[in-house]
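Below is one structure; the comments refer to it alone.
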Number of protein chains: 2
Amino acid sequence: MTRSEENYLKAIFHLGNGEAGSISTNAIAEQMETKPSSVTDMAKKLAEKGLVHYKKYQGISLTDAGTRTALSIIRKHRLWEVFLVKKLDFTWDEVHEVAEQLEHIKSEKLIDKIDALLDFPKYDPHGDPIPTKDGKFMERDKQLLSEMPIHAQGVCVGVKDSSAPFLKFLDKNKIALGNTIKILDKEDFDQSLQIQMEGRELRISHQIASNLYVKKND
Amino acid sequence: MTRSEENYLKAIFHLGNGEAGSISTNAIAEQMETKPSSVTDMAKKLAEKGLVHYKKYQGISLTDAGTRTALSIIRKHRLWEVFLVKKLDFTWDEVHEVAEQLEHIKSEKLIDKIDALLDFPKYDPHGDPIPTKDGKFMERDKQLLSEMPIHAQGVCVGVKDSSAPFLKFLDKNKIALGNTIKILDKEDFDQSLQIQMEGRELRISHQIASNLYVKKND
DNA sequence: ATTAAAATTTAGACAAATCTAAAAATAGGT
DNA sequence: ACCTATTTTTAGATTTGTCTAAATTTTAAT
């Protein structure tokens, strides 16, 4: 399993959102910042190895084996992210790039020990669930802040966009996972929100609200 | 700097034992388990980049820049080894293989944080010195047990052979770095040694003694 | 100083992963 | 059903790191 193969499997998994559906050559090329012709080549190779289903012009989807492999890479990526934040004081906008490298280290013992060192975390620093060793997922019951009704309240549990600029913005505005949040008002004109967060009040744009996941209180 | 380039620089450094001298194509090929012709190709490439001195048929040696790069990789390798042993309970015969992968992770912040987490260790689990960030070395005043006179005593500080079989042998015989050691008798016939280690007495072959480093008591 | 052996380099090939440009297949609109 | 735009694949080239086999240079022994 080469690094490139692993990256393709990961990209296909992410594009399929964990679901079954068939992914287009173009979509994969865009996600991986490569050309469609390269994707076709790799599709053949991965099909050969039984990791994807591939029929010419019909798109690409992961086999069970491919899904297992993708999940194990995602598991490694997210555990390393937790490690970097919890043990080495990285900020959540710094971890992705390094985890992209660490996820390819081949040692089952290593990642299991890291998992134990971190006390078997269930979520990474962006709120994404960490697959278990046997590839089980625990997607949290969450929704986008932008889709919640007025007066609703809950806890920030994740981000949809985990790009450094967005994460830095959140830091600057003291918006962190685990914070309580309540929607005080919605502005019809631009769909911006007046919210209460950990005591203080602030106004956030629709763009921000549509990239923040909240777990609603029952 | 590709992974392969890094591995060549490391191999050249190790073969030169940190000294200046020129290393033969064959020696590098053997160390890296590759063919001399591949070494020639890489020598040209590294010379192009100013990392080695290379003249046809005249052997290869590291430039200052090459030495700096090699030391930074060795630094990373050894720090990761300490991390694996101290933080993840790896045994000293398990760390090399994984560190071979981890040493190529590109993030200065990462390795500096690991260094700090470990409290800036000076030696790796095999007793080899860890270069500082600016490439300084602190080789310990040590000698092979096999070269010490009868009745001499000291502390085990390193191994020359750090292969898994040798390290496992040492574990099995409860010989560990930090242990005190005293030579009770030398057998002329096979040069085996009768030694006292942490209270108990044991006999070790010349082959073992010539792979154990000891720091003599003054 | 000559020459045989050993070491090293060159030349040409290959696999992996990528690209560009051209060809082929599909999809959508009428 | 047809045509066009888009998507996808193919064909051929490129880069990196490797190899084998042949040619060249160095070395060391007589």
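Order of the sequence lines fixes the chain letters, A, B, ..., with proteins taken first and strands second; residue numbering starts at 1 for each chain.
When the side-chain hydrogen bond (donor to acceptor under 3.5 Å, both in side chains) test is applied to A:Lys186, no partner is found at least two apart in sequence or on another chain.
Contact annotation: B:Tyr8 side-chain N/O to D:dT18 OP1/OP2 distance is under 4.0 Å. For A:Ser4 and C:dT18, the shortest distance from a side-chain N or O to OP1 or OP2 is below 4.0 Å. Residue B:Tyr54 places no side-chain N or O under 4.0 Å from the OP1 or OP2 atom of C:dT8. Between A:Lys56 and C:dA24 there is no side-chain N or O to OP1 or OP2 distance below 4.0 Å.
For the pair B:Asn26 CG and D:dT26 C1', the interatomic distance rounds to 12 Å; values are reported in whole Å. Taking atom CD1 of residue A:Ile23 and atom P of nucleotide D:dT7, one finds them 15 Å apart after rounding to whole Å. When the P atom of C:dA16 is taken as reference, atom CE of A:Met1 falls 12 Å away, rounded to whole Å. The distance from atom CZ of B:Arg3 to atom C1' of D:dT15 is 18 Å, rounded to the nearest whole Å. Distance CD (A:Gln58) to C1' (D:dT9): 13 Å, rounded to an integer number of Å. Whole-Å rounding puts the A:Ile60 CD1 to D:dT8 C1' distance at 10 Å. D:dT9 atom C1' lies 14 Å from atom CD1 of A:Ile28, rounded to whole Å. Rounded to whole Å, atom C1' of D:dT26 lies 16 Å from atom NZ of B:Lys55.
Defined by atom type and a distance below 3.5 Å, a donor-acceptor pair is present between the side-chain atoms of B:His104 and B:Glu6.
Evaluation of the ring pair (Phe, Tyr, Trp, His ring centres under 6.0 Å) test over residues 36-82 of chain A, restricted to residues two or more places apart or in two chains, returns A:His77-A:His96, A:Trp80-A:Phe83.
The environment of A:Lys122 atom NZ is sparse: at most 12 non-hydrogen atoms of other residues, nucleotides or ligands sit within 6.0 angstrom.
Comment: B:Glu187 does not engage B:Arg203 in a salt bridge, judged by the lack of any side-chain N to carboxylate O separation of less than 4.0 angstrom.
Contacts between residues 29-42 of chain A and DNA chain C, defined by a heavy-atom separation under 4.0 Å, are made by A:Thr34, A:Lys35, A:Ser37, A:Ser38, A:Asp41.
Nearest heavy atoms, B:Pro36 versus B:Asn26: CG-OD1, 3.2 Å.
Within the cation-pi definition used here (under 6.0 Å to the ring centroid, within 45° of the axis), B:Arg140 qualifies as a partner of B:Tyr123.
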